[in-house]
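For clarity, every value in this text was computed on a predicted model and none was experimentally measured. In what follows, chains are A, B, ... by sequence order, proteins preceding strands, each numbered from 1. Keep in mind that the numbers below use all heavy atoms, side chains included, and drop hydrogens, waters and symmetry copies.
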Amino acid sequence: TISMIALHRSGAMAAGTSTNGAGHKVPGRVGDGPITGSGSYVDSDVGGCGATGDGDIMMRFLPCYQAVESLRRGMSPRAAAEDAVRRMLRKYPAVQSGVVVVDREGRHGGAGSGWTFTYAYRGGAMGETAVVSVPPI
Amino acid sequence: SPGLPLVINTWGGPFTAATDAAYLSLLEPQTSALDAVELGCSTCEANQCDGSVGYGGSPDENCETTLDAMIMDGGSMKSGSVAALRRVRNAIGVARAVLEHTTHTMLAGDLATDFAVANGFAAGSLSTGASAAACAAWRAAGCQPNYRINVTPDPASSCGPYAPTPLPPDYDDDDDDADRGVVPEGHD
């Protein structure tokens, strides 16, 4: 799954997700990707979020909606990502998840569970994309 | 923060081609944030990234690949999405068409495909030789792992077709997901 957030120079933000879902799924199954607030979420006044992982579980928690609302309430991007992941871990200790959060200023952080999650970013005058590796909670 | 503009996305490796495409597009003054997200995600769809995005990946029990995608405008909070999209490769493009050419939020399945075709998207099989082979190998291995529960024949050892079995009186659905091992290819 790719979940992406873009911040325009003007401050406008957008987010999106694209995936082919889970392998060997029951025909007709839909995951978290197209669910607003689960696969991704964005509010240009606050920030944005992208997620990946076990969509059958993640879509029950709307982790990206939760993370952006946590940003709105003053959490840092990393703390907001961790909070969203911990909410899932409390009910599903084995869940594989990855959440990346960015605020409207471009500050970012991530959290994951069940695997080493990575995310990529490129901004400002960066000559190449940087990849951040996030150990599992 | 490295400063604006900025693009950030899940995963590294092959996904960085999407990051680069979206970031470089934002250096052009006419490109919007929505444009950048659509371009980045469609780059991943075309490249198939790690196999979890785009055509030819994650075949279902019937060996068909279907796509899910969503795009959201952080100013208007408007969102467009497609779910279980069949036979159209550019899922994020169709999601943007839902956003820009309807007042709905999500279209699904065959009727989402009809919408896509009516909006100028090409239709064709999403299967590849690799996805067909992966599905054939899964079937040859007794359709393991799979996502069926409370059905007969036993989904832990047999392929379908399956029929539902009555749930025991002390059935507790807390046990179904929490104890399930998450298979490597099982994630979105």
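- Each of B/V37, B/T10, B/V53 has some count of heavy-atom pairs under 4.5 Å with chain A, and the biggest count is that of B/T10.
- Defined by atom type and a distance below 3.5 Å, a donor-acceptor pair is missing between the side-chain atoms of B/T16 and A/T129.
- Taking OG from A/S40 and CD1 from B/I71, the interatomic distance works out to 9.0 Å, rounded to the nearest 0.5 Å.
- Taking all atoms of both residues into account, the shortest heavy-atom contact from A/R9 to B/L4 is NH1-O, 3.5 Å.
- Contacts of B/A22 with chain A are made by side-chain atoms alone, with heavy-atom separations under 4.5 Å and no backbone atom involved.
- Comment: A/R29 engages B/D188 in a salt bridge, judged by a side-chain N to carboxylate O separation of less than 4.0 angstrom.
- Side-chain N or O atoms of B/Y23 include one that pairs as donor or acceptor with a backbone N or O of A/G124 at under 3.5 Å.
- Chain A forms the most heavy-atom pairs under 4.5 Å with one residue out of B/P59, B/S79, B/A36, and that residue is B/P59.
- When heavy atoms are compared at a cutoff of 4.5 Å, B/E45 approaches chain A solely by way of its side chain, counted from C-beta outward.
- Of the two parts of B/M72, the backbone and the side chain both hold a non-hydrogen atom closer than 4.5 Å to a non-hydrogen atom of chain A.
- For a residue to count as touching a neighbouring chain, one of its non-hydrogen atoms must lie under 4.5 Å from one of that chain's; by this rule B/L24 touches chain A with the side chain only.
- Residues A/N20 and B/G54 come closest through the heavy atom pair ND2-O, 3.0 Å.
- By number of non-hydrogen pairs under 4.5 angstrom with chain B, the leading residue of A/G31, A/P27, A/G39 is A/P27.
- Against chain A, no residue from residues 156-170 of chain B qualifies, as none has a non-hydrogen atom under 4.5 angstrom away.
- Across every non-hydrogen atom of B/S52 and A/T19, the tightest pair is O-OG1, 3.3 Å.
- Comparing B/P29, B/G57, B/G80, B/A84 by heavy-atom pairs within less than 4.5 Å of chain A, the highest count is held by B/G57.
- With a 4.5 angstrom heavy-atom cutoff, B/A108 does not touch chain A via any of its atoms.
- The backbone N or O of B/T31 lies less than 3.5 Å from a partner atom in the side chain of A/H8, making a donor-acceptor pair.
- Contacts between A/V30 and chain B at a heavy-atom distance below 4.5 Å involve backbone atoms as well as side-chain atoms.
- Residues satisfying the side chain to side chain donor-acceptor pair (under 3.5 Å) test with B/S32, not counting sequence neighbours, are B/D35.
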Please lay out, stage by stage, how B/F15 and A/Y119 fare under the test side-chain contact (heavy atoms from CB on, under 4.5 Å). CA-CA 9 Å; B/F15 291 79; A/Y119 68 87; over 6 Å; no

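- When heavy atoms are compared at a cutoff of 4.5 Å, B/R148 approaches chain A solely by way of its side chain, counted from C-beta outward.
- For a residue to count as touching a neighbouring chain, one of its non-hydrogen atoms must lie under 4.5 Å from one of that chain's; by this rule A/S38 does not touch chain B.
- Taking each heavy atom of B/E61 and A/H24 in turn, the nearest pair found is CG-O, 3.7 Å.
- Note: A/P34 leads A/S18, A/G106, A/P34 in heavy-atom pairs under 4.5 Å with chain B.
- Most heavy-atom pairs under 4.5 Å with chain B: of the set A/D103, A/I35, A/V68, A/L7, this distinction falls to A/L7.
- Between B/H187 and A/W115, the angle of the ring planes goes over 60°, which puts this pair in the perpendicular group of the 30/60° scheme.
- With a threshold of 4.5 angstrom between heavy atoms, A/V26 approaches chain B through its backbone and through its side chain.
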Checking side-chain contact (heavy atoms from CB on, under 4.5 Å) for the pair A/Y121/B/V7: CA distance, chi angles, key distance, verdict? CA-CA 6 Å; A/Y121 71 96; B/V7 171; over 6 Å; no

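- The shortest non-hydrogen separation linking A/T1 to B/W11 is O-CD1, 3.2 Å.
- Listed for the A/T118 side chain is a donor-acceptor partner under 3.5 Å among the backbone atoms of B/G12.
- Residue contact with chain B, scored on non-hydrogen atoms closer than 4.5 Å, involves the backbone of A/A51 exclusively.
- Using a 4.5 Å cut-off between heavy atoms, A/V42 contacts chain B through both its backbone and its side chain.
- Only the side chain of B/C44 comes within contact range of chain A, judged by heavy atoms closer than 4.5 Å.
- Annotation: maximal heavy-atom pairing with chain B below 4.5 Å, among A/S44, A/G110, A/G11, occurs at A/S44.
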Intermediate values then yes/no, side-chain contact (heavy atoms from CB on, under 4.5 Å), A/R122 and B/L6: CA-CA 6 Å; A/R122 186 170 176 184; B/L6 175 71; 5.9 Å; no

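- A donor-acceptor pair shorter than 3.5 Å cannot be found between the side chains of A/E105 and B/S1.
- For the pair A/K25 (side chain) and B/S58 (backbone), a donor-acceptor distance under 3.5 Å is present.
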Do B/M77 and A/T36 pass the side-chain contact (heavy atoms from CB on, under 4.5 Å) test, and can you show the C-alpha distance, the side-chain angles, and the key distance before you say yes or no? CA-CA 10 Å; B/M77 306 302 283; A/T36 309; over 6 Å; no

